[in-house]
Each structure stands twice: as structure tokens, then as C-alpha cells.
Protein chains: 2
Amino acid sequence: MGAERHNVSAVSDSPRRRIPEAALSRLPLYLRVLGELSNETVNQVSSEQLAELTGMNAAKVRKDLSYLGSYGTRGVGYDVNFLTYQIQRELGLNHDWPLVIVGAGNLGQALANYGGFTERGFSIAGVFDTDESKVGGVVGGVRVRHLDDLSQVVQSKNVSIGVLATPGEAAQEAANRLVRAGVGSILNFAPVVLSVPRGVSVRKVDLAGELQILSYYEQRRAANAVAREAAGAPARGVSA
Amino acid sequence: MGAERHNVSAVSDSPRRRIPEAALSRLPLYLRVLGELSNETVNQVSSEQLAELTGMNAAKVRKDLSYLGSYGTRGVGYDVNFLTYQIQRELGLNHDWPLVIVGAGNLGQALANYGGFTERGFSIAGVFDTDESKVGGVVGGVRVRHLDDLSQVVQSKNVSIGVLATPGEAAQEAANRLVRAGVGSILNFAPVVLSVPRGVSVRKVDLAGELQILSYYEQRRAANAVAREAAGAPARGVSA
DNA sequence: TGATGTGAACCCATTCACAGCC
DNA sequence: GGCTGTGAATGGGTTCACATCA
């Protein structure tokens, strides 16, 4: 595929250097911890401390942060508020993002009620469903609308993020509607692999899958316990 | 730190070869797709088809599956039911896993009601909270108990997986209780980095963090659009 | 002095490409 | 002939270790 090495002289230069996916996925974590430090009126923090608080190691923290620019002070550490600002800026969190939730079942309702989204600057522009018995109800302080109104809301409120919380059967069609309405990113809770046009970003959260992975660890732990009992050795854990 | 290189000759050798974390995390996905194929009474599937259905590529699928053993047939593909069985077996899904949910707020209730867990063989052995106004209520068909009863339930029902859905402030203490009660794996929805004894497995689901990552993509998309407008070039998307 | 920022080394994950088998 | 299973090659991510600078 594209064998470009220097992505320098692109169209007026990419708006900002691209952050590696793995590092990007940790920025929200740093952000949260920094927020807590700020509440405790801590002003400076070292990569060592940040590593401790996030369960990472210090070198990784420094490398991750270095993708944002050189915002630390050698011999001192990072200014908590300044670093917070820079991460927010990089993630695009310096303004609110309206989002829509599609699916007003158990999960959709919970997500609408879940304070964590609005707390972090994501306002809920609408909750949608096709089930007439749900339409008209109020969820998370928002009236549930029929999915047919999706496009209108997305456009009038400039929504670019959609949260998909339908049953699996309805997910692909709902995703199509989101895309047609103009949504560019989808957070998918439905147990389905979505097919979307190139350019649309999808992240998937697989709740049952997470449990299945834990099940694997538990099974190993159990098997180890049996093996240990047979041998009489006092080893512990599964090294997760 | 620990400079152990070969962890081979441990106690009586690990009960089964260890599956690389990355491959492990995809097994639930394969499993789900296989389940759908089975419903459609498809008997055989090639790595190519599985790749198509899961959004992976064929080589990755084959390598992932090869960690389980050699369960395919050259020139033919994989037997859907047999492969399903082998993955389930590897993940420890050939028996039910009881779990407890700690936190009966919005998220805890939603998870209890969410059919996806029980559908996949995880029964809910109990829902717990410390809030007296919640204790005694019924959620997901289960009575909410006081957190003080956790240990008793975990032990009598042999629970080894805990789902943590408390507010951040309560999460660490709740995790301590889970561990003390004997739970070995925790699925953590609280916006907190848990500290647990070595040997306990934790997986974290960061709902707000997922949105923040999408926000990054959207911000880039927006910036690209501006740059394109300035140049008049017809490129599309953010290459996510 | 002490902590950042970063090449280089290392390690794990993905992809390639083909031998092996049905 | 066709598809799996897997060594080898590649690539990305993590860690090391140190030059750099407040």
C-alpha cells in the first residue's frame, strides 16, 4: 500500500503528526489520573509517579507523552494542568461532542443514564429506537425518538459520534443509517462485526467477550491449582 | 527486576500451552461468528471466509486457530461445530461460570439486565451494593444484597469472576472485598486503576475512554476536511 | 543532580509465502 | 487443486540506557 515515508509535504501538511494507536489508547487513562492529581492540587508529576498511578512503566509513559510534543521539564517532571490541557487538545476534548445513542433497550438506557459520558464532555443529542413502545419514553433525561428522525437530529445538531446499542440483528441496519446520516465514528456494543464504508471509524466493546477471556484465566488458574495439589508445591497465581 | 528468561520447568509444567494475549482476545469473536454459521447450518468454513466475517485476514485467522491445535482439514477448511467446541473448551466455556456484580447503580443494573452475559453461559450469582436504598430491590431477576454478604455468596456458589460497576470512589474497596472473598478475576467498569494482589486478573472497560479515542479521530477528520477545502483536493476519510 | 526525550535493542504480533496434506 | 499449518520476514510496540538539559 502507500509507501510514503515522510508524510511531511502532504496537503498543507497533516494537521498534526499521527499518534500510534497503542499510545493513543492510553491517553484517556493518563488524562483521568491527571484529573485526580489536579483535584488534589498536585502541580507537578514525574513519569515515574504517573507510571505508578496508571500501572504502566515510566519509559512507556515518557514515550507516549513525547508523541504530543516536549511538554515536560527535565529534572522536574510535567506540569499537571498544562499536560492535561495538551492531552485534551490532542484528543479534541477542548469542545463538547454531541452523540446519539441508537437502541433504547437495557444497554442503551444504561448508557444514556450513565453519568460518565456527559461528565467527560459528551452530550447526548438523542436516543433512538424503532420499537414504538419505547419511542416517546424518557431515558437519561432525553425523549426517545424514532430512528426515522436520526438523520434530522444528526444534521441539525452536528453529531459525528454514534453509540450503537441495539440487538445484533438490528445493528448493521442501524449502522447504515448512522453512516447515511453523516456520523463518522461509531462505538459498537452490538455483538456483530459491522461493515462500514472506508473512512468511518468503528470501535467495538465486547462485554461478553471480556468475560470469556477472564474465563480462560480462571480455567488456567483452576488447572494450575490441580497440578500444584498433585505436586505439593506452593506456587501461586496464573501470572496474568 | 525479575530477570527470569525461561519460565519453562515450573511446577509440573503449565497444564496447557499458553495462548498469546492478542490471539486470545480474538477467540470470542471467532466463537460468535461460528455460532452464527452454525445457526445457518453451515458445516465447513475456510480461514478466508472466517477472515471475511470477522474483519481479520486469513493468515491471522489460521495462526490464531493454530494455537489451539491442528483442527482444520487441508484442502477443505474447518468443521464449524468441532472448531466451536475446541474454542469453547480452550476458553473454559464448557461449563457455566457464576459471577457477581458489585454496584447496583445504572451500569450495574444494566449489566444485570443485559441478556448477553447469561446468554453466553455466565449466570449471575448475586448483585451487591452498600446503599441501603438499593439493597432488597430486584435487578435482572436477582435480589440486591448488601456487600457484606459478598463473601458468603462467593464461597457458597463458588464464584470466581466479579464485575465491578461501582462509582470510582468505591471501586478499590469493592475490589479488595472481591479479592478477599476469593474472586480471581475482575471485569472493571469503574474509572479507576485497581491495585490487586499478584495472581488476580483484571480487565478494564473504559467506556468514556473509548469515546475520547473516537473524538481524536473525529478531530482529525475535521482538520483534514479543512485542509482539503483549502487545497481543493477530493481525498476522503481519516484512514482509520 | 535529577528527570525528560529518544535512538537502539528487544520482543511480540502480523503478514508472507510455501511445504504439507486431504 | 485447494486450504491448512507454520517457519521466516516484517513491522509495531515496549523497554533500555544514556545524552541532554533545567
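Residue numbers start from 1 in every chain, and the chains themselves are labelled A, B, ... in the order their sequence lines are given, proteins ahead of strands. Computed from a predicted model, the values in this text were never measured in an experiment.
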Look only at the side chain of Arg62(B) and the backbone of Ser47(B), and say whether a donor-acceptor pair between them is shorter than 3.5 Å. no
Separation of dG5(D) atom P from Leu50(B) atom CG, nearest Å, is 12 Å
Side chains of Ile213(A) and Leu27(B) in contact at under 4.5 Å (non-hydrogen atoms): no
Would you mind checking if Arg177(B) and Glu173(B) are paired as a salt bridge, meaning a charged N to carboxylate O distance below 4.0 Å? yes
With a 4.0 Å limit, can you tell me whether Ser46(A) has a side-chain N or O closer than that to the phosphate oxygens OP1/OP2 of dA3(C)? no
How many Å lie between CD on Gln44(B) and P on dC3(D), as a whole number? 12 Å
What is the distance from CZ of Arg18(A) to P of dG11(D), rounded to the nearest Å? 17 Å
Note: for Ser66(B) and Pro20(A) on DNA chain D, the residue whose nearest nucleotide lies more 5' is Ser66(B)
Please report the distance, rounded to the nearest Å, between OH in Tyr78(A) and P in dA22(D). 15 Å
Please report the distance, rounded to the nearest Å, between CG in Leu65(B) and P in dC3(D). 16 Å
Heavy-atom contacts, protein to nucleotides 15-22 of chain C, under 4.0 Å, summarised as B (base), S (sugar-phosphate only) or - (none) per nt, yield BBB-BBBB
Lys/Arg N to Asp/Glu carboxylate O, Arg203(A) vs Glu21(A), below 4.0 Å: yes
Using the ring of each side chain (for Trp, its six-membered ring), is Trp97(B) parallel, tilted or perpendicular to His95(B), with breaks at 30° and 60°? tilted
Below the 4.0 Å mark, does dT14(C) have OP1 or OP2 next to a side-chain nitrogen or oxygen of Tyr67(B)? no
Round to the nearest Å and state the distance from Met56(B) atom CE to dT4(D) atom P. 17 Å
When you compare the side chain of Val192(A) with that of Leu164(A), does any pair of heavy atoms fall below 4.5 Å? no
Using whole Å, what does the distance between atom P of nucleotide dT4(C) and atom OH of Tyr30(A) come to? 12 Å
Applying ring pair (Phe, Tyr, Trp, His ring centres under 6.0 Å), name anything that partners Tyr71(A), two or more places apart in sequence or on another chain. Phe82(A)
Nucleotide dG13(D), atom P - distance to CD of Glu21(B) in whole Å: 16 Å
